[in-house]
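Below is one structure, written out as structure tokens, with a few remarks after it.
Predicted, not measured: the structure shown is a model, and the values here were computed from it. Along the sequence shown, residues are numbered consecutively beginning with 1. Values reported hereafter were calculated over all heavy atoms of this structure, with side chains retained and with hydrogens, waters and symmetry mates removed.
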Amino acid sequence: IKTYKIPNYISFSIFLIAILTINYNIEINFIMSFIMIAFLFFFSHFKNAIGMGDIKLFISLLTYLGGEYFILLIFVLSILLFFFSLYIILKKSDLKKIPLVPFITISYILIGVLIWNIS
């Protein structure tokens with residue numbers, strides 16, 4: 001969190017586990033995945049928008065979760081970031097840069113709890 005860096009072994013480990021345990025329809029998810037990856041790379045080119053480490057983590061989670069659950073993850077992530085932004089605004093903090101990985105992790109845990117309770 002302090003260095004704003006994601007070690008490659010974390011993203012690679014998630015990606016490797018995803019490749020070994022794929023259990024969804026690859027054809028449908030391939031199209032959704034391609035669109036989501038293009039969307040992420042588009043936003044990575046804006047200054048201070050999203051880092052390449054976050055994109056590596058997103059691609060790994062996309063491969064692991066599949067397109068449908070990944071969209072749900074992005075939705076939960078957006079809600080978390082919205083409320084955190086409100087907190088920062090109301091606190092009148094001068095925080096300009098926040099690490100995205102803790103919010104991605106919390107979103108993933110919430111999605112896991114949601115999926116587990118639905119199943």
Side-chain angles (χ1 to χ4, degrees):
I1 292 175
K2 291 179 183 179
T3 62
Y4 296 93
K5 301 263 186 211
I6 301 173
N8 286 333
Y9 69 88
I10 291 175
S11 298
F12 182 72
S13 299
I14 295 170
F15 186 74
L16 185 62
I17 290 169
I19 295 296
L20 295 174
T21 61
I22 286 178
N23 60 356
Y24 52 81
N25 186 348
I26 295 175
E27 294 171 359
I28 293 171
N29 279 295
F30 178 76
I31 295 168
M32 291 177 71
S33 299
F34 182 76
I35 292 169
M36 292 302 294
I37 290 170
F39 182 73
L40 290 171
F41 274 114
F42 173 74
F43 277 108
S44 72
H45 287 67
F46 291 111
K47 186 176 180 178
N48 296 328
I50 186 171
M52 289 306 288
D54 297 325
I55 290 179
K56 288 187 297 186
L57 184 60
F58 275 137
I59 290 171
S60 298
L61 286 174
L62 175 63
T63 307
Y64 184 71
L65 293 172
E68 297 166 352
Y69 290 123
F70 184 75
I71 291 172
L72 186 60
L73 177 101
I74 295 294
F75 179 71
V76 172
L77 177 65
S78 300
I79 292 171
L80 288 175
L81 289 173
F82 172 75
F83 284 115
F84 184 74
S85 299
L86 282 178
Y87 171 75
I88 293 298
I89 290 169
L90 293 174
K91 188 179 171 189
K92 297 182 181 172
S93 174
D94 61 347
L95 186 63
K96 301 292 182 201
K97 186 176 178 183
I98 59 168
L100 195 57
V101 171
F103 295 100
I104 296 171
T105 305
I106 293 169
S107 299
Y108 176 73
I109 291 169
L110 290 173
I111 295 300
V113 168
L114 180 66
I115 293 170
W116 186 61
N117 285 331
I118 290 174
S119 303

Using the test side-chain contact (heavy atoms from CB on, under 4.5 Å), find all partners of Thr105 that sit at least two apart in sequence or belong to another chain.
Val101, Ile109

Please identify each residue that fulfils side-chain contact (heavy atoms from CB on, under 4.5 Å) with Leu80, with sequence neighbours left out.
Val76, Phe103, Ile106, Ser107, Leu110

Tabulate below the donor-acceptor pairs under 3.5 Å that side-chain atoms of residues 82-90 make, not counting sequence neighbours, or state none.
residue	atom	partner	partner atom	Å
Ser85	OG	Leu81	O	2.8

Heavy-atom closest contact (Phe70 atom, Leu65 atom, distance):
N-CB, 4.2 Å

Quick check: is Ile104 connected to Ile79 through a chain of hydrophobic side chains (ILVMFWY, heavy atoms under 4.5 Å apart)?
no

Pair listing, side-chain hydrogen bond (donor to acceptor under 3.5 Å, both in side chains) test, anchored in residues 50-60, at least two apart:
Asn8-Lys56

Could you state the interatomic distance from CG (Leu73) to CZ (Phe58), rounded to the nearest 0.5 Å?
6.5 Å

So how far is it from Ile111 CD1 to Tyr69 OH, rounded to the nearest 0.5 Å?
9.5 Å

Ile74 CD1 to Leu77 CG distance, which is reported to the nearest 0.5 Å
5.5 Å

